[in-house]
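Computed from a prediction, not measured in an experiment: that's the story for all the values here. In what follows, chains are A, B, ... by sequence order, proteins preceding strands, each numbered from 1.
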Amino acid sequence: MNLTFAQIALAALPFLPLAGFAVNGLWGRRFKETTIGIVGCGSILLSFLLSVFLFMANLSGSFATVQVRLFDWIPVANGSIGFSLMADPLSLIMLLVITGVGLLIHLYSVGYMHGDAGFARFFAYLNLFIFFMLLLVLADNFLLLFAGWEGVGLCSFLLIGFWFTNESYNAAAKKAFVMNRIGDLGFLLGMFLIVFTYGSLNFDQVFTAAATAGGANNATIIAITLLLFWGACGKSAQIPLYTWLPDAMAGPTPVSALIHAATMVTAGIYLVARCHVLFSLAPFTLSVVLAVGVATALLAATIALFQTDIKKVLAYSTVSQLGYMFAALGTGAYVAGLFHVVTHAFFKALLFLGAGAVIHALHHEQDLRNMGGLRTELPFVYRIFLVGTLAISGIPVFSGFFSKDEILMNVFQHHTVAWGLLFIGALLTTFYMFRLLALAFWGEKRGHHANYVPMNTTMKLPLAVLAFLSFAGGFAGLPEFTGLNWLHHYLSPVFSDVTLHNEPHLSIGVELGLMAFTVLAIAGVIWFYASRFKHLQTRELNQLNGELPWYKKLPANKYYVDEWYNRLLVQPINRLSDFLYRVADTLIIDGLVNRIGGMVLSAGNRARKLQSGDIGIYLYVMLAGASGLFLLYVLLGS
Amino acid sequence: MRLTNRYKVVSDKKMTFAEKLYLPAIATGLGITIRHFFKQKVTISYPEVKREYAPVFRGRHVLKRDENGAERCTACGLCALACPAEAITMLAAERKRGEEQLYREEKYAEKYEINMLRCIFCGLCEEACPKEAIFLTDTHVTAEFHRDDFIYGKKQLVEPVDNRIDVSKRGKPSGRL
Amino acid sequence: MLPYIVFKLILVLVILGLTLLIATYSTYAERKIAAFMQDRLGPDRAGKFGLLQPIADAVKFFTKEDFIPAGADRVLFTLAPAIAMSTALMASVVIPFGNSLILNGMEFPLQVANLNIGVLYISGVVSIGVYGIMLGGWASNNKYSLLGSIRAASQMISYEIGMGIAMVAIIMMSGSMSLHDIVQQQAGPIWKWNIFVQPLGFIIFCTCAFAECNRTPFDLPECEQELVGGYHTEYSSMKLGLFLFAEYVNMFVSSALMSAMYFGGYNIPWIEHLNLPHNVETALGSAFFFIKIFFFIAFFMFIRWTIPRFRYDQLMHLGWRILMPLAIVNMLLTGIILLLIQ
Amino acid sequence: MEIAFYVLAVSAILSALAVVFAKSPVYSVLWLILTFFTIAGQYVLLNAQFLAAVHVIVYAGAIMVLFLFVIMLLNLNIATEPVKPVYMRAYEIVGGCVLCLTMVAAIHTSSFEFTPVNAYDNSIGTIEKLGVTLYNNYIFIFEVSSLLFLAAMIGAVILAKKGDI
Amino acid sequence: MIPLEHYLYLSIILFCIGAMGVLLRRNMIILFMCIELMLNSANLLLVALSKFHSDNSAQIFVFFVMLVSAAEVSVGLAILVMLYRNKPSTQIDLWKKLKE
């Protein structure tokens, strides 16, 4: 087997973090923190360098896609499912994001987790996560992708419950796990259906088969895509499976930044984008995706307005932004969705890490009501946070502007009502982000001490880099009309077959007008909040939950979704289980088993008398039996 | 306290890998044994070749006679007194008429016994004797089957008249012991 | 066929006689060498240089009182030395004492039986040899004897494993279990000898051979200081003689094996260049083989007076935890290298 | 050849009987060793020299030494068996004979074809052939049996060890 | 050539002697030995069949039988030694309580 260097690099990529995991996981307890950090970050750095190499090679045109088949994994009737990796522009973009942001967050964690008892465990988990994530994006078939998918779910579970002595954190981890399992069920069923329909799980084969079969909107493909989307909803926290993500904030902040903002939750987007051939064949599913995306974006944004936990705000913000991405996918604008994935990875990681810096500095204080006035105290973090806020709000030149604008533009083209809702969502985004900024950094100090934990360079450096990326990342996808949309150009080979949109593009004038309108509205929101923030803050801080009017109380309590879930799903199941336990299990099954057992027991009690323990008699009987058998043979056999 | 210069300090230090292999040590050991293989042998083929005794060797006793063949011993008992092992007993008797040829003095030892199992061949009897009657020779006390036979009487001790034992060449240790 | 059978019979008798002769004179050699190493002369009374000493010993053994202790099991007590002696003698059957002689156009190999499982046969016979010692010790009805025989049994079983695995490496090299083939494979230049290919194997084999023969430093079954005489404490006269004799026969067989398996047997390096007549070459080879055997017998004796006895736990430690792993490593290495060479 | 077979067979049967009826366990062991030797002789006659050698090494060289070892270690040379009533012994001997007879009769009346199936291949018992078969067809069993050995080894050590492990 | 039946009869006889020994004797060590005897009769038959069928698989089975019996003996004797420590006798009847 002659491997090109690119293939070797590809094969090595995911296994470097795995090696890091093995080393830290097995011997981490004996290592010093420095060693653990070097092992953890070093393995990611190496895979980042390999990713960059692959990316450059791809850019320079030395290959379009690169594939390597490591070994036959599961032999099946026709051919076998290979443990094979594949990198195309889509994977490469994800690869860069995962390893790049992952590297920064690893670096940050060295400072953030300093002194924690589970330092080695933390880095081992993080490395394992990166391994599975790389497996996910590099898989060239559904099964391997599913392996990575489950793996990241596992790591997410482990890391949410990282401080496993806290019972509620464990509950959060369990919740995330169960929610993900519900989503996985859809994915799994989708896979079964794919195998059943196309007889393969290999991406190429499936897509080719689907494309040649044609027949848009037939029931099978709608079922497949809906099931896959169901899986994506679970992983990417969309309605109705979004409730685990805010709870997942129980994990350490770098985890929230890496897994629950930048990478894992975008796996759903990746899945849909990867299967765009299928989705493009099912416009009905796409409209479902759009609807779910818009609804999630708006709903999460309203909830985010009323959260008091700094990480919860960011968590709902993430859910909301993921909704944007799905909305983009729902209109068939896969590139726009992915663009937002990238920029979101930058600024949301930045925001989370910034929040982490605040939490770190304030001795693990997460409640916004106990912050305030940190602008002068933590100027570096403030600046960082400001960049992130501006980026997510969509202020021009910052990265969020370009990506969100592209989404809005595409949605406008497709569905005006959806655009209107997303526009409102964008305004809400701006509002809650500035509320967050104001509560944390502006105004006066509230209830915290002045002895801040200092930040070291390993924490500052990633923040600076991410801030730069949040600022400049948008230039990768300048608006369409400029003709400089590099990302679009780069990803075009992957999405070359997207034929859904053959409507004419909006004219430059309309586009610019919309852009200006959005920007103006956002600026208006900012001006409104900035000028009146003191009043708004005092009112909010003095208002207790019970005093809120209903329209505020509802989002403040997350629309009681968890409670409804509890009442509608969990409790009935509990009651059913209880009933089944008491009647079916105890009376019928146990009764039967016990009765049979009792019979055997009494029979055994009687038969036991035969066993005297005298081996001679046993043997004699055995011998007699053997003799009898042979005698029988002699008499009958001849 | 150092008794000799050939002492060696014993230690139980950890052996190095080379020492743990043992093979070099075995080789050195073989070297030593093979060297001895070709060394001058120290064995003497006894009955044919006899080793010279030292001049001060002290073997079995002899009771000397004088030039005329008369016993020199007068049974004075000084030897028995000097004997640290109390191996010597004697019985004195008076010389009868006509026995002048046999005994030099008027008193003689009627019985003179040395218990060779007790004797330590120190030679103090020889030193003590005023009459130069008892000497230790360079012959050995031979092995016997019975304990009684080790009590030498005059029969064994007194030198035969016709086979005098020459003790003149026997060296004396310088100074008293 | 008939001359062949006659030749075999003669060969058997000659080898039996030679074995016994060599074993007999080994006792003499042992005493002489021991004496020399201790700066003594050793036996020199019977005959010239004491050369008749073994005969005198034999006469003494035969004329001594044959004593059987009261509590002893008479049958086994008598049987044991015979077993020890006969198993010791049996091993020499497969040893190739030389290449074949060609007389009258017929080829007569100088080996009693060229079994294709020669090496296995040897280990089989060696493993039976322990019965003589065990039964002897047990039948004596003496605690010391029993201890000695139990020690002997565990020692011999333990060292058989290392020895067997060391031999496996040789078998892998030659691809045959026949000793004749193993020797033939070492013909030619001197570096074809297995000692240069299997130095580790030789050290293991040699050590195990010492233990199997109950020779110092592994003579715990009969260590005089602890167990009086070990398994032969109660024996006297020729029964004792057989036990002692068996030990020397074992030594002879071990030496023959060592020289056959590791030192080229009857091969003289580069002799094929001399273009000697076949029979002359065979004769020279046999002589050379015996020289090697004598060398190893002497080596056995040198070792005896060089190395002190091991302690029992050290013995077991050496056998199980050093020699056996080493032998396995040696075998694995041999296998890997053979695989790579192919 | 045939004489050898019958001599070996008769001595095998006699020594096997001696194993059963010997008074002292030590003698039982010795008779059993003799039986094994006769069986090894049968192997040689059946052209399975390698198996014969292995049989001697394993059974005579290892297993029986172990038996002897245990007997000596526990000092079991005195037969301490309860005397069974005569009728019981008779029952047992008759039982064994009946089993034997029925089996022989079964063989005798059966219609098995006992003629050689294939043309006899002389190289069947050689080490090379055995090795090829062992390492091609039975490699899995071979490996599993090594596990069995390991388990037996550990078990024996643990059982024989005094006190707590 | 000796007919196969003779090997069959020989191994049956040996087997039955072993079985009889198991019945007759109460000494655990001798029981063990009788079991070995029975195993060996089976081995003998296998080798004979291997020759008559010209198939060496049977000889491989003999290997495995030897192997299993070696393992069995080592564990069995270890158990025996352990039992002997508890009750200094090798009579099998004394261990009737093992049935529980």
Side-chain angles (χ1 to χ4, degrees), chain C residues 71-73 75-77 79-80 83 87 90 94 113 115-141 143 145-158 160-161 163-164 167-168 171-172 175-178 212 231 320, chain D residues 18 22-34 36-37 40-41 43-44 47-79 122-132 135 146 149 153 157 160:
Chain C
D73 187 316
V75 179
L76 294 185
F77 190 82
L79 198 61
I83 292 176
T87 49
M90 268 162 73
V94 290
L115 295 183
N116 60 355
I117 48 159
V119 176
L120 267 188
Y121 172 83
I122 297 248
S123 49
V125 168
V126 166
S127 63
I128 299 162
V130 72
Y131 284 110
I133 292 173
M134 278 192 92
L135 291 175
W138 180 77
S140 301
N141 195 25
K143 284 194 184 67
S145 304
L146 187 64
L147 276 176
S149 57
I150 285 178
R151 279 183 174 191
S154 42
Q155 173 180 332
M156 290 180 90
I157 290 178
S158 305
E160 227 167 72
I161 297 165
M163 192 170 174
M167 287 200 289
V168 167
I171 294 166
M172 285 159 78
S176 167
M177 283 201 183
S178 155
E212 291 286 323
Y231 57 88
W320 284 103
Chain D
K23 281 275 177 289
S24 155
V26 175
Y27 278 90
S28 276
V29 168
L30 293 179
W31 285 118
L32 192 57
I33 292 168
L34 192 59
F36 286 156
F37 272 117
Y43 289 173
V44 172
N47 212 16
Q49 289 95 340
F50 179 59
L51 212 56
V54 172
H55 184 266
V56 168
I57 294 173
V58 171
Y59 277 109
I63 294 183
M64 297 323 286
V65 172
L66 204 60
F67 271 111
L68 210 54
F69 200 92
V70 169
I71 292 170
M72 290 183 181
L73 204 66
L74 304 183
N75 201 15
L76 300 177
N77 47 333
I78 311 138
N122 217 9
S123 64
I124 215 73
T126 56
I127 308 159
E128 290 88 351
K129 282 285 168 69
L130 282 179
V132 168
Y135 289 108
S146 70
F149 250 134
M153 205 161 75
V157 169

The reported gap from CD1 in D/I57 to OG in C/S127 (rounded to nearest 0.5 angstrom) is 5.5 Å
Honestly, the part of C/S176 sitting under 4.5 Å from a heavy atom of chain D is neither
The interface call for C/M177 against chain D, heavy-atom contacts under 4.5 Å, is side chain
Applying a strict 4.5 Å limit to non-hydrogen atoms, the region of C/L120 in contact with chain D is both
Honestly, the part of C/I157 sitting under 4.5 Å from a heavy atom of chain D is side chain
Nearest heavy-atom contact between D/V65 and C/A153 is CG1-CB, 4.3 Å
Note: vs chain D, highest number of non-hydrogen pairs under 4.5 angstrom among C/L135, C/V75, C/V130 is C/L135
Heavy-atom nearest pair, D/M72 first then C/I150, reads CB-CD1, 4.3 Å
Whatever's closer than 4.5 Å to a heavy atom in chain D on C/L76 counts as both
Heavy-atom nearest pair, C/Y131 first then D/M64, reads OH-CB, 3.0 Å
